Amino acid sequence: MFGQRAAELIRELERASDDALPPYKAESVRGICEEMQGIFEANCRDRVNLDADGIEQATAVKIQHAMHFRDTAMSRNKRCLIAYHYNRMERLRNLRWSLGGIIPTAIRQTLSEKETEWFSNYSKALTNYMMDVAELPDQDPADPQDPVVLDLTVHQRPPKEYFIDVKVLVDYGNYETQDGETIFLKKHMRLCMARTECEHLIRQGILQHVQ
Amino acid sequence: MDLPEMDVSGVALDDSSTVYTTAQLLTDLKDIWRSERLAPELLPHKQETVEMLLEQIGTVESNLEKAKHVKDPFFLHCHKMEANRVRYMLSNYLRCRLEKLENYALHYLQLSAAERDFVMTTAEYKFLQRYQADTEELIEGSVRTFLPANLAILDKWKEAPLKPRLESFVFVKPREQINGLILGASDAPVSLEQHSQYLLRYSAVRKPVMENKVILISPISSASLQEIFLSSLF
């Protein structure tokens, strides 16, 4: 039946929880495309039949109805394919904001080639945007200053306190802070760190915020 | 305790006719941030305010950097915290705008040049164009190889772009008295009083919101509503 696989594809994505990214169904996508190819070819054939000379009125009507039906199936398949890819893209976008520019290997395996490409393009677009927004201070040759960059991904929670207590969840090793100091992060350590320093480490699951 | 070499408050930015103080800039930021977060569509950009604030943050942070070794750390942290709060508000404001652009990308790409310059900055437009091109490439590229070459894939999607819901309801608070507001085709014009609050369709107050004559306020959150409901039960 037309459109069945497409509906199944959407349903599967819908069943996964909101921010989870289930493995890319390359097989199903190809299957749907084959179905669409079949429809396209059948319609092309019928188009020729319809234009043929001496065709009976009754047959022509039948052919037109069949074509219309196939066309509807085609639109539906297209719509499902777009919805599938678009929704996955939205989830991927959320990942960019929560995990940063590097995709963990576990998630990378669930992505298609095109999606990986999209992810790096999106990261680039975002970096370019942040650089465009960055403010260049009046340059004093004697005392060159760095531009004021607003990293949109760092400040995602309202800062209520400057320092927070964190617990180290994994053996991370040396971590360099913004002041240039190095801290050795070892599992089970308890630290009091500046919030801006550790916000992205918390999101990566290296640190845990303890109240 | 005084902070002699740290000039962090009330800095006048330039000598031109309009002089903004930090406090004023921050109040402006709070207003535009709140309205942006609550409005269903993208509001006119405030590039100057954003740029001036970034400059201020830069000044404050470089001052803090210089004062690093001499100052009482407590005061340093207070100022750093304050700078971080401004950074948060700015980031959240810009992020919120990007989110709207992403969600209604096709719609915002169809605006005329004049409208575009009014609502978004060049940087935002550049981002939007790139984002949409990449997204189309993702969707089309994923299926293109399996389909006949002359079959259009994105045609229907592009024909009906997702648009911001201008008919949604918002809580508003006028900053000044507003007369002759037309709410519906058959209704008489109404006036909005200063210092009062209204629940209206966004489309009715769209113009005054864009002119910043009306600010949007957040409704009571569903969590606190639930609290009220529960406390009335027990």
Side-chain angles (χ1 to χ4, degrees), chain A residues 24 26 29-30 32-34 36-37 40-41 44 74-75 78-79 81-82 84-86 88-90 92-93 97 112-115 117-118 121-122 124-126 128-135 137-138 145-159 161-163 179 194-196, chain B residues 47 50-59 61-62 65 68 76-78 80-92 94-95 98-99 102-103 121-124 126-131 133-135 137-148 150-157:
Chain A
Y24 183 73
V29 169
R30 186 170 312 165
I32 296 161
C33 288
E34 269 161 23
M36 286 165 78
Q37 178 116 33
F40 186 76
E41 277 160 11
C44 285
M74 177 75 116
S75 300
K78 260 195 231 172
R79 195 171 162 183
L81 281 179
I82 292 174
Y84 179 69
H85 289 101
Y86 188 86
R88 284 182 62 90
M89 181 275 283
E90 275 187 332
L92 197 57
R93 194 173 74 195
W97 285 91
S112 74
E113 209 177 294
K114 280 279 167 196
E115 282 172 331
E117 197 182 300
W118 183 89
N121 280 338
Y122 182 68
K124 266 184 239 157
L126 206 59
N128 283 348
Y129 172 75
M130 289 195 272
M131 288 320 288
D132 281 345
V133 172
E135 177 73 17
D138 301 327
Q145 283 178 311
D146 295 331
V148 187
V149 181
L150 197 62
D151 186 347
L152 298 187
T153 56
V154 169
H155 302 273
Q156 288 194 33
R157 272 154 189 270
E161 61 280 291
Y162 188 69
F163 287 109
D179 308 339
R195 169 158 222 138
T196 42
Chain B
Q47 201 172 4
V50 173
E51 274 172 10
M52 280 190 277
L53 273 165
L54 267 178
E55 206 177 308
Q56 293 271 295
I57 294 178
T59 322
E61 281 176 356
S62 66
E65 195 61 31
K68 200 159 128 186
L76 271 184
H77 292 320
C78 285
K80 270 193 190 165
M81 171 104 187
E82 205 49 42
N84 280 342
R85 283 185 50 199
V86 182
R87 270 180 181 266
Y88 167 73
M89 283 196 280
L90 263 180
S91 310
N92 199 284
L94 294 175
R95 167 78 189 120
L98 287 190
E99 233 165 296
E102 284 166 356
N103 289 341
T121 62
T122 340
E124 279 166 343
K126 242 168 72 186
F127 173 82
L128 175 65
Q129 273 178 317
R130 224 180 128 178
Y131 171 80
D134 288 342
T135 307
E137 165 61 25
L138 167 70
I139 300 176
E140 212 177 338
S142 304
V143 291
R144 181 38 81 209
T145 43
F146 313 126
L147 290 175
N150 51 352
L151 177 73
I153 300 166
L154 300 174
D155 52 344
K156 293 250 168 60
W157 184 53

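In this text, all values refer to a predicted model and were calculated from it rather than measured experimentally.
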Among B/Arg87, B/Glu137, B/Glu61, which residue forms the greatest number of heavy-atom pairs with chain A at distances under 4.5 Å? B/Arg87

I want to check a possible cation-pi pair here: B/Arg95 against A/Trp97, using under 6.0 Å from ring centre and within 45° of the ring axis as the test. yes

Run the numbers on B/Ser142 and A/Tyr24 for side-chain contact (heavy atoms from CB on, under 4.5 Å), then give the verdict. CA-CA 11 Å; B/Ser142 304; A/Tyr24 183 73; 3.7 Å; yes

Pick from A/Gln37, A/Glu113, A/Glu34 with the largest number of heavy-atom pairs that fall under 4.5 Å of chain B: A/Gln37

Side chains of A/Met130 and B/Phe127 in contact at under 4.5 Å (non-hydrogen atoms): no

Measure distances from A/Phe163 to the heavy atoms of chain B and classify the residue's part below 4.5 Å as side chain, backbone, both or neither. side chain

Please state whether the side chain, the backbone, both or neither of B/Arg130 comes within less than 4.5 Å of a heavy atom of chain A. side chain

Under a 4.5 Å heavy-atom cut-off, does chain A meet the side chain of B/Leu98, its backbone, both or neither? side chain

Taking A/Lys124, A/Glu115, A/Arg79, A/Arg93 one by one, which has the highest count of heavy-atom pairs under 4.5 Å against chain B? A/Arg93

Mind listing the closest non-hydrogen atom pair of A/Leu152 and B/Ser91 along with its distance? CD2-CA, 3.6 Å

Need one label for B/Glu124: side chain, backbone, both or neither, based on atoms under 4.5 Å from any heavy atom in chain A. both

Could you pull out the closest heavy-atom pair between B/Ala123 and A/Asp132, with the gap in Å? CB-CB, 3.5 Å

Let me see the working for B/Gln56 and B/Val86 under side-chain contact (heavy atoms from CB on, under 4.5 Å), right down to the final yes or no. CA-CA 10 Å; B/Gln56 293 271 295; B/Val86 182; over 6 Å; no

Heavy-atom cut-off 4.5 Å, strictly under: side chain, backbone, both or neither for A/Glu90 against chain B? side chain

At a heavy-atom separation under 4.5 Å, does B/Asp155 approach chain A through its side chain, its backbone, both, or neither? side chain

Given heavy-atom pairs under 4.5 angstrom as the criterion, report whether the side chain, backbone, both or neither of B/Lys80 touches chain A. both

Smallest heavy-atom separation, B/Asp134 atom then A/Trp118 atom, equals O-CD1, 3.4 Å

Applying a strict 4.5 Å limit to non-hydrogen atoms, the region of B/Gln47 in contact with chain A is neither

Under 4.5 Å heavy-atom distance to chain B, tell me which part of A/Tyr122 shows up: side chain, backbone, both or neither. both

Residue, of B/Leu94, B/Thr145, B/Thr121, that accumulates the most heavy atom pairs under 4.5 Å with chain A: B/Leu94

Give the member of A/Asn121, A/Ile32, A/Asn128, A/Leu81 that has the highest number of heavy-atom pairs under 4.5 Å with chain B. A/Asn121

B/Glu102 to A/Tyr86 - nearest heavy-atom pair and separation: O-OH, 4.0 Å

Please answer whether the main-chain N or O of A/Met36 pairs with a side-chain N or O of A/Lys78 as donor and acceptor at a distance below 3.5 Å. no

